[in-house]
Each structure stands twice: as C-alpha cells, then as structure tokens.
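Reading through the structure tokens given below for one structure.
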Amino acid sequence: MLEDQSVVVALFIVAATTYFIFRKYYRGRSHSDDSDDTWPFPKLQDHGIFPYPQGEQSALDERKSDFCRIAWTMTDLLVATPEAPIPEVWKYPGFGKKKESAHREEAEHMFQNLDKWVRDEIKQVDGETSKGLAARMVELLSVSPAITFAMEHNIPLQILQAKYMVTVSRSAQVRILWYAFITDEVKAGAKSGPYVLKLLSHDLNQAEADSSLLYTARRTRETQMCAITAKATEAIRNAILKDEWEALEAL
C-alpha cells in the first residue's frame, strides 16, 4: 500500500513539474518576437502589399522638403550600393551642417544632390537612369508613405526611430527600404515601440515603376533601430550584389 502511494506521489510530482515547465515556456513564447497571440492591429497583417499611389506633381516640392529634413538629421538616411553594400549614412555635399527647416531653394539643392548621386551610382554598374527616378525616390523618402500606411491600418501616429534606406543593386535596381517602431498604445516620451514595421518598394528605376510597397510587421524586443537594421545586413547585401530580394522582403 505504501509503495502504491509512493508511486502516485512520484507521478504527481512529475506531472506537476511538467505542467509548470510548459506553462512557463508558453508564457514566454507569448512575448517573443514571433508570437502574434496578442496582435493588437485588426487591420494589419504580419505581411502584405500596400497599394501606395504615386504622389501628384503638385506635391513634389513638399516631398523635397521632407527629404531635405531627413537628410539633415545626418543619421536617418542610409544608402547601400555594390561598392559599399553595408548600409551607411548618406554623406551629401556639405554633410555636417545640421539644420531643421528647409527653404525651397535648399530643398531643391538637396534633391539635385540626390539626383546626381543616384545617376553616378547607376553608371558605376553600367546601368541607365530612367526618367523621373529621383522624383519617385523622394516620394518615398518623405513622411507621407508612413503616415498614409498608419492611417489606413489604424496604427497610432507615434512612429519612432524611422530609418530610410536607398539601395542600388548590381543590376541597377533602385529600391527604398524603410523601418520604424510602431505601437498600439501611445506613451509620452516613448523612444521605441513593441513592434517594428518595414516597407520596401519595388524597383523605382523604371519609367512605369510599380508604386505599391511590400510590408512586414512583427513584435520585437529590440529598442534600438540600429539593432533591427543590423540583423538585415546580410539580406541587404545579397539583394544588392546578387539581386536576391526574397529574404529581404520576408524579414
């Protein structure tokens, strides 16, 4: 009888231990990067295509001003090319003079810097620059796509640590990549959010370029955007040097 009770007690202890181990494991998973058990965005999938329309010509000056302000941060606009496939800050002529507001003449000058830079990079890979490429680029190198995306997906407009990246591939593809932290709960003074959103354009170096954006959204424990972009370095490198975009699209 005592032996039977000992067996029952031992089985109970094993069962209880197993229960608490798995309980702790699954609780941990609910807060991991890959879990979507508590996904708070009803209108947002974890990946998809966003049909972002190309902006009107009349809005181009405003986009140029946005682009100029982003470049002036000296931190938020990155570039990656076959000669330098690891993303680095774009160093435009006059880099180092930090400003906040852009007059029309200054914005136009920065736009011309971008136009010359991308033409030179495309020449380096023996490619041709399509008409209107720089205008299509600054449309996405502005705050407009992120705000439009957030509003259409009911995401609070607390978009944090946004990074813009221009990629020029060995086959002269030009794509814009964008990352930012997003949140479902606006908090004063927040520096990051529990989710990261990525937008990726199609090849803009085409006269009739597809203006839709590929996106992914996921939970993250990272609090610094540099850590997010660092994880994508190898995928960015392969996209630029080998035109293998699938891994980058999925990240």
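What you see below is based on every heavy atom in this structure, not just the backbone, and it leaves out hydrogens, waters and symmetry mates. Quick caveat, the model's predicted, so the values are computed rather than measured.
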Indicate yes or no for a side-chain donor-acceptor contact from Gln161 to the backbone of Met225 under 3.5 Å, with no hydrogens or angles considered.
yes
Keeping Asp46 on the side-chain end and Ala217 on the backbone end, is there a donor-acceptor pair under 3.5 Å?
no
Would you say Lys123 has more than 12 foreign heavy atoms packed within less than 6.0 Å of its NZ?
no
Answer yes or no: does atom NE2 of His109 have more than 12 heavy-atom neighbours from other residues, nucleotides or ligands under 6.0 Å?
no
Can you give me the closest heavy-atom contact between Leu114 and Met137, atom names plus distance?
CD1-CE, 3.8 Å
Cluster link Met165 to Ile86, ILVMFWY, side chain under 4.5 Å:
no
Whether Trp178 side chain and Ser201 backbone form a donor-acceptor pair below 3.5 Å:
no
Non-hydrogen side-chain atoms of Thr229 and Pro87 separated by less than 4.5 Å:
no
For Trp245 and Ser169, work out which heavy atoms get closest and say how close.
CZ2-CB, 4.0 Å
Is any side-chain heavy atom of Val125 closer than 4.5 Å to a side-chain heavy atom of Ser171?
no
Test your reading of the model: is there a side-chain donor-acceptor pair from Asp184 to the backbone of Pro40, 3.5 Å cut-off?
no
Measure across Ala180 and Ala162 and return the closest heavy-atom pair with its distance rounded to 0.1 Å.
CB-CA, 3.9 Å
Nearest heavy-atom pair of Thr129 and Ile122: which atoms, and what distance?
OG1-CD1, 3.5 Å
Does Ile147 share a hydrophobic cluster with Val186, counting links as ILVMFWY side-chain heavy atoms below 4.5 Å and allowing steps through other members?
no
Heavy-atom count check: over 12 atoms from other residues, nucleotides or ligands less than 6.0 Å from Ile49 CD1?
no
Starting at CZ of Arg63, measure out to CG of Leu141 and round the result to the nearest 0.5 Å.
11.5 Å
At what distance, to the nearest 0.5 angstrom, does OG1 of Thr167 lie from CD of Glu121?
11.5 Å
Would a distance-only check, ignoring hydrogens and angles, find a side-chain to backbone donor-acceptor pair under 3.5 Å from Asn205 to Glu128?
yes
Nearest 0.5 angstrom please: Ile228 CD1 to Thr223 OG1, how far?
9.0 Å
Which value, rounded to the nearest 0.5 Å, describes the distance between Asn238 atom CG and Glu234 atom CD?
5.0 Å
Any non-hydrogen side-chain atom of Leu197 less than 4.5 Å from a side-chain atom of Phe149?
yes
Find the distance between CD (Glu83) and CZ (Arg170) and round it off to the nearest 0.5 Å.
10.0 Å
With no hydrogens and no angle check, is any side-chain donor or acceptor of Lys163 less than 3.5 Å from a backbone partner on Leu78?
no
Measuring from atom NZ of Lys43 to atom CD of Glu152, what distance do you get when rounded to the nearest 0.5 angstrom?
7.5 Å
Under 3.5 Å, is there a donor-acceptor pair linking the side chains of Thr38 and Arg219?
yes
Centroid separation under 6.0 Å, is that true for the rings of Tyr215 and Phe50?
no
Output yes when a side-chain donor or acceptor of Thr216 lies under 3.5 Å from a complementary backbone atom of Leu251, and no otherwise.
yes
Does one side chain, of Ser144 or Tyr52, offer a donor that lies under 3.5 Å from an acceptor on the other?
yes
Is there a side-chain contact between Gln224 and Ser192, using heavy atoms and a 4.5 Å cut-off?
no
Indicate whether any N or O donor in one side chain lies under 3.5 Å from an N or O acceptor in the other, for Asp115 and Trp117.
no
Are Glu222 and Val196 side-chain neighbours, meaning at least one heavy-atom pair lies under 4.5 Å?
no
Which of these passes salt bridge (charged side-chain N to carboxylate O under 4.0 Å, His left out) with Lys64: Glu108, Glu106, Glu105?
Glu108
Decide yes or no on side-chain contact (heavy atoms from CB on, under 4.5 Å) for His202 and Leu214, but give the supporting numbers first.
CA-CA 8 Å; His202 293 277; Leu214 308 173; 4.0 Å; yes
Are any of the side-chain heavy atoms of Leu177 and Leu248 separated by less than 4.5 Å?
yes
Close side-chain approach of Val143 to Tyr164, heavy-atom, < 4.5 Å
yes
Is it possible for you to say whether Ile176 and Val89 belong to one hydrophobic cluster, with membership spreading through side-chain heavy-atom contacts below 4.5 Å?
yes
Side chains of Arg104 and Asp61, heavy atoms from C-beta outward: is any pair under 4.5 Å?
yes
Where Leu140 and Leu204 come nearest, the two heavy atoms and their spacing
CD1-CD1, 4.0 Å
Can you tell me if Gln158 uses its side chain to pair, donor with acceptor, with the backbone of Thr183 under 3.5 Å?
no
Evaluate the ring planes of Tyr92 and Phe95, with Trp represented by its six-membered ring, and classify them as parallel (under 30°), tilted (30 to 60°) or perpendicular (over 60°).
perpendicular
Might you point out which heavy atoms bring Arg175 and Glu249 nearest each other, and give the distance in Å?
NH1-OE2, 3.6 Å
Testing the 3.5 Å rule here: is there a donor-acceptor pair between the side chains of Ser130 and Arg136?
yes
